[in-house]
Amino acid sequence: MENIINKKVESIFGALGLDAKFAVVRVSDRPDLSDFQCNGALALAKIMSKNPREIAAQIAAALQEDKDFARVSVDGPGFINLSMSNDFLAAQIEAVAKDKRLGCNEAEDKKKIVLDFGGPNVAKSLHVGHLRSGVIGESVQRILRFMGHEVVSDVHFGDWGMQIGLIISEAEKEGLDILKMNVAEISETYKKANIRCKEDEQAKEDARIATAKMQDGDASFRKMWKYIRDVSVEDVKKNYEKLDVNFDLWLGESDAHEDCFKIIDIAKEKGLAVMDDGALIIRLDETNKPMPPIILKKTDGGVGYQTTDIATILGRVRDLKAEEIIYFTDQRQALHFEQVFEAVEKLGIAPNVGLKHIKFGTVNGPDGKPFKTRDGGVMNLSDMIELSKDKVRESMPEPSAEYDAAYIANLVDEVAIGAIKFQDLKSSIASGYIFELDDFAKFEGKTGPYIQYAIARINSLENKIAEIATAAPRNDVILVSNKEERDLVLKMLQLPMVIKRAAGEIEPSVISDYVYSLAQAFSTFYSASPIAAAETEALKASRLKMAGTARDILVLLLDLLGIKAPKVILKKEI
RNA sequence: GUACCCGUAGCUCAAUUGGAUAGAGUACCGGCUUCCGAUGCCGGCGGUUGCAGGUUCAACUCCUGCCGGGUACGCCA
């Protein structure tokens with residue numbers, strides 16, 4: 001709808017000989033005054049050094065001719081306030097209700113986009129630190145697909161660095177057989193190795209040598225590497241499944257192994273590779289923003305994650321034909337990606353490919369520092385999920401004939417995961433948040449379950465009315481008869497712009513913010529306007545259709561956030 | 001030491017990228033159920049946007065300087 005209004009305003013600007021790029025219409029900051037506003041006259045006045053109110057008045061006068069506007073006024077220094085007619089709004093929402101995509105167009109410039117999120121490592125079970133990357137990445141993946149982009153997601157497993165060497169050399173020292181270990185044992189061995197290497201320089205050196213040997217292709221080391229990788233992948237997959245976080249590709253650093261040599265060759269050819277302190281590096285200190293160098297090859301001959309990340313880009317451009325690559329990690333890796341992107345630029349291996357790093361804040365404890373459990377360790381992701389489910393379970397009824405134990409178990413799952421995900425996506429992803437267990441299972445206020453509940457009520461409403469067997473409201477017309485209805489319709493019509501903005505800014509919180517305000521608008525409407533007992537049949541049909549449309553939008557939005565919308569929400573009778 | 005990020009209501013966060021009266025949730029206080037799901041709705045309380053300057057018709061937003069917090073800085077990832 002904003003598109004339509006924008007066009008109307010643009011054509012007026014054109015007719016008046018004004019630059020149409022200032023004809024930007026947005027949702028009004030002052031809903032008491034108008035539905036939409038245009039601030040273009042202010043910007044124009046500055047350029048043309050004219051009185052903004054005069055320009056605004058001229059535009060407003062022309063807009064007034066259009067009967068779709070119920071009211072056009074110029075206020076303050078030159079804001080143009082626009083209010084739409086109820087007929088216009090009704091016609092617009094009618095079109096949305098009919099449309100499979102609820103009025104949303106796909107992007108004009110569709111791209112092939114590779115998303116890199118998750119980033120788990122071998123031998124480490126997922127912890128709260130992994131939550132955000134997965135949840136945010138999953139949502140962005142859904143949003144970009146909805147916009148029509150071709151999206152390929154890759155988990156980019158951390159399976160090629162020191163951690164492998166650490167495990168192998170530690171197992172050797174302890175006389176353990178890696179090929180018989182399970183995930184927990186591998187993880188334990190890794191932890192022990194870390195502790196040992198903190199004290200013991202020689203052990204660290206041994207691990208380094210083991211890493212280099214493995215990377216070099218030693219058969220028995222490769223066998224152990226493969227085993228460790230397979231066992232870890234299987235475990236990590238299970239965890240992501242629980243969270244409904246999905247990847248197209250389960251590639252890892254190891255898959256870029258061959259390309260690492262190519263990167264080194266290219267760097268040499270271009271004269272970018274220099275020996276320094278025994279390592280082969282690319283200098284990045286001569287630019288206006290000097291950075292530490294890329295270490296292509298370590299003194300011991302092994303490659304680090306800088307090289308594998310660069311090599312991975314080469315592969316993604318060559319094999320996947322990526323036009324854009326987006327990374328999701330916490331902000332502590334900002335410098336790393338600046339270095340990698342700069343090196344890629346110098347190497348010229350990804351011309352015209354957009355490289356973006358979406359950084360997000362850490363999940364923090366009450367002290368404002370990255371979250372730790374009471375004993376100082378990191379909290380396991382699956383433990384956290386269980387805690388949230390326990391909370392949700394408390395509010396659920398006992399299994400009944402209608403809803404058996406399996407149904408309730410599934411419901412607990414969907415609500416708990418919904419609560420966790422919404423909590424993670426509800427404020428702008430650049431800022432971190434304080435981890436409060438209680439918040440992950442809250443039902444009230446700005447939470448996932450609040451939205452799920454609103455949806456369940458609409459479903460229930462439709463069932464009830466169908467049961468009463470009143471005149472079927474098919475093909476009835478939506479009427480805008482009171483303030484609550486009008487507010488709801490206006491809110492619903494913002495959908496396309498919201499999704500477009502979320503996709504453009506790669507910011508899922510734009511959607512979580514909107515989905516909540518829409519659910520609120522619905523609840524307000526719902527408690528103010530009787531539906532089953534509406535004054536007339538036409539009004540009843542209209543409101544029912546309105547509610548159904550709101551439900552469809554809410555479900556779509558939750559889906560874009562990666563959150564399930566249960567048809568029915570059960571609760572304990574009190 | 002250098003670079004980057006942050007500081008908004010008691011708490012957790014917004015503010016459409018420079019626009020009008022800085023908004024939500026939570027907490028707290030008050031009201032709403034013979035009637036569509038009260039995990040709900042309505043109302044109230046709560047602010048010198050860290051401090052001091054500057055640019056602008058207009059600053060939470062941009063610039064400068066302080067204060068306070070965080071993060072990262074060559075062979076871990």
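Chain naming here is simple, since letters A, B, ... match the order of the sequence lines and numbering starts at 1 in each. The basis for the numbers below is simple: all heavy atoms, side chains too, and nothing from hydrogens, waters or symmetry mates.
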- Would you say B:G37 has OP1 or OP2 under 4.0 Å from some side-chain N or O of A:Tyr526? yes
- Sticking with atom P, work out how far B:G30 lies from B:G18, rounded to a whole angstrom. 44 Å
- Query: Given atom CD of A:Gln452 and atom P of B:U39, what is their separation to the nearest angstrom?
  - Reply: 15 Å
- Query: Whole-Å distance between B:U39 C1' and A:Ile569 CD1?
  - Reply: 9 Å
- Query: Heavy atoms under 4.0 Å, any strand shown: does A:Ala456 hit a base, just sugar-phosphate, or nothing?
  - Reply: base
- Using a heavy-atom cut-off of under 4.0 Å over every strand shown, decide if A:Lys298 touches base, sugar-phosphate, or nothing. base
- At under 4.0 Å between heavy atoms, what does A:Val74 touch on the DNA or RNA strands: base, sugar-phosphate, or nothing? nothing
- Message: Applying a 4.0 Å non-hydrogen cut-off, can you work out what A:Thr211 is touching in the nucleic acid: base, sugar-phosphate, or nothing?
- Response: nothing
- Message: Quick one about A:Asp330 and A:Thr362 (side-chain donor to acceptor, distance below 3.5 Å, no hydrogens or angles considered), yes or no?
- Response: no
- What nucleic acid atoms does A:Leu33 come within less than 4.0 Å of, heavy atoms only: base, sugar-phosphate, or nothing? base
- Message: Measuring only the P atom in each nucleotide, how far is B:C51 from B:C67? A whole number of Å is fine.
- Response: 15 Å
- With rounding to whole Å, what would you report as the distance between B:A24 and B:G46 at their C1' atoms? 14 Å
- Message: Under a plain distance cut-off of 3.5 Å, with no hydrogens placed, do A:Ser34 and A:Asn81 share a side-chain donor-acceptor pair?
- Response: yes
- Task: Could you tell me whether A:Gly432 contacts a base, only the sugar-phosphate backbone, or nothing, with contacts defined as non-hydrogen atoms closer than 4.0 Å?
- Result: sugar-phosphate
- Any donor-acceptor pair under 3.5 Å between the side chain of A:Asp29 and the base of B:A22? no
- Message: Using modelled atom types and a 3.5 Å cut-off, is there a donor and acceptor pairing between side-chain atoms of A:Ser169 and backbone atoms of A:Gly165?
- Response: yes
- How do A:Lys204 and A:Ser460 order along RNA chain B: which one's closest nucleotide is nearer the 5' end? A:Ser460
- Applying the 3.5 Å cut-off to both distances, the Watson-Crick or G-U partner of B:G46 turns out to be none
- Item | Distance in angstrom units between A:Leu335 CG and B:A72 P, rounded | 11 Å
- Please give the nucleotide sitting opposite B:G25 as a Watson-Crick or G-U wobble pair, both distances under 3.5 Å, or none. B:C11
- Task: Mind checking A:Asn81 for me? I need base, sugar-phosphate or nothing, with any heavy atom below 4.0 Å counting as a touch.
- Result: base
- Task: Identify whether any heavy atom of A:Glu253 sits under 4.0 Å from a base atom; if not, whether one sits that close to sugar-phosphate; answer base, sugar-phosphate or nothing.
- Result: sugar-phosphate
- In Å, rounded to the nearest 0.5 Å, how long is the span from CD1 of A:Ile294 to CD of A:Gln306? 4.0 Å
- Message: Can you check the distance between B:A22 and B:A14, where both ends of the measurement are the C1' atom (answer in whole Å)?
- Response: 10 Å
- Message: Taking syn as a glycosidic torsion within 90° of 0 and anything else as anti, which one is B:U55?
- Response: anti
- Query: Between B:G65 and B:C5, how far is it from one P atom to the other, in whole Å?
  - Reply: 14 Å
- Could you state the CD1-C1' distance from A:Ile455 to B:G40, rounded to the nearest angstrom? 15 Å
- Is the shortest side-chain N/O distance from A:Thr524 to OP1 or OP2 of B:C42 below 4.0 Å? yes
- Query: Should A:Lys464 be listed as having a side-chain N or O under 4.0 Å from OP1 or OP2 of B:G37?
  - Reply: yes
- Task: May I ask you to check whether A:Tyr327 and A:His156 place their ring centres under 6.0 Å from each other?
- Result: no
- Query: On a plain distance test, is the side chain of A:Ser527 in donor-acceptor contact with the base of B:G40 below 3.5 Å?
  - Reply: no
- Calculate the interatomic distance between A:Asp32 atom CG and B:A22 atom P; express it in whole Å. 12 Å
- Nearest to side-chain heavy atoms of A:Arg283, which nucleotide of B:G74, B:A77, B:U39: B:G74
- For A:Asp75 and A:Lys567, take the nucleotide of RNA chain B holding the closest heavy atom to each; which residue's nucleotide lies nearer the 5' end? A:Asp75
- Determine the contact category for A:Gly158: base if any of its heavy atoms lies under 4.0 Å from a base atom, sugar-phosphate if only primed atoms, P, OP1 or OP2 are that close, otherwise nothing. nothing
- Pairwise C1' distance for B:G69 and B:G50, with rounding to whole Å: 11 Å
- Message: Please classify the nucleic acid contact of A:Ala334 as base, sugar-phosphate, or nothing, using heavy-atom distances under 4.0 Å.
- Response: nothing
- Identify the nucleotide, in any strand shown, that forms a Watson-Crick or G-U wobble pair with B:A20, with both distances under 3.5 Å; if there is none, say none. none
- Using atom CD of A:Gln306 as one end and atom C1' of B:G74 as the other, report the distance to the nearest whole Å. 8 Å
- Has A:Ser431 got a side-chain N or O lying under 4.0 Å from the OP1 or OP2 atom of B:A14? yes
- Let me know the distance between CD of A:Gln494 and P of B:U16, rounded to the nearest Å. 14 Å
- Item | Spacing of the C1' atoms in B:A27 and B:C11 (rounded, Å) | 8 Å
- Can a side chain N or O of A:Ser523 be found less than 4.0 Å away from OP1 or OP2 on B:G40? no
- Message: So, does A:Arg543 get its side chain near the phosphate of B:C36, meaning an N or O under 4.0 Å from OP1 or OP2?
- Response: no
- Message: Could you tell me the Watson-Crick or G-U partner of B:G1, where both distances fall under 3.5 Å? Say none if there is no partner.
- Response: B:C73
- Where do A:Lys483 and A:Asp487 land on the salt bridge (Lys or Arg N to Asp or Glu O under 4.0 Å) test, with the steps shown first? CA-CA 6 Å; A:Lys483 181 176 187 304; A:Asp487 289 346; 2.7 Å; yes
- Message: Any non-hydrogen side-chain atom of A:Val340 less than 4.5 Å from a side-chain atom of A:Ile313?
- Response: yes
- Phosphate contact (B:G25 OP1 or OP2) by A:Gln520 side-chain N/O below 4.0 Å: yes
- Just call it for A:Pro292: base, sugar-phosphate, or nothing, with non-hydrogen atoms closer than 4.0 Å on any strand. sugar-phosphate
- Go through the N and O atoms of the side chain of A:Gln37 and the base of B:A20, and report whether any donor-acceptor pair is under 3.5 Å. yes
- Query: How long is the line joining OH of A:Tyr450 and P of B:G37, in whole Å?
  - Reply: 16 Å
- Item | Donor/acceptor link under 3.5 angstrom from A:Thr299 side chain onto base of B:C75 | yes
- Contact class for A:Arg332 vs. all strands (heavy atom < 4.0 Å): base, sugar-phosphate, or nothing? sugar-phosphate
- Task: Can you establish whether the number of heavy atoms outside A:Lys297 located under 6.0 Å from its atom NZ is more than 12?
- Result: no
- Query: At under 4.0 Å between heavy atoms, what does A:Asp300 touch on the DNA or RNA strands: base, sugar-phosphate, or nothing?
  - Reply: nothing
- Note on the structure: When both distances are under 3.5 Å in a Watson-Crick or G-U wobble arrangement, the nucleotide paired with B:A52 is B:U64
- Answer yes or no: does atom NZ of A:Lys204 have more than 12 heavy-atom neighbours from other residues, nucleotides or ligands under 6.0 Å? no
- For B:C4 versus B:G10, give the span between their C1' atoms, rounded off to a whole number of Å. 31 Å
- Query: For the residue pair A:His257 and A:Trp160, does the interplanar ring angle fall in the parallel (under 30°), tilted (30 to 60°) or perpendicular (over 60°) class?
  - Reply: tilted
- Message: From C-beta outward on A:Pro449, which listed nucleotide comes closest to its side chain: B:A14, B:C5, B:U39?
- Response: B:U39
- Across all strands shown, which nucleotide pairs with B:G37 by Watson-Crick or G-U wobble geometry, both distances under 3.5 Å? none
- Identify whether a stacking contact exists between A:Phe79 and B:G19, where the ring centres must be under 5.5 Å apart and the planes under 30° apart. no
- Query: Counting any heavy atom closer than 4.0 Å, what does A:Ser428 reach on the DNA or RNA strands: base, sugar-phosphate only, or nothing?
  - Reply: sugar-phosphate
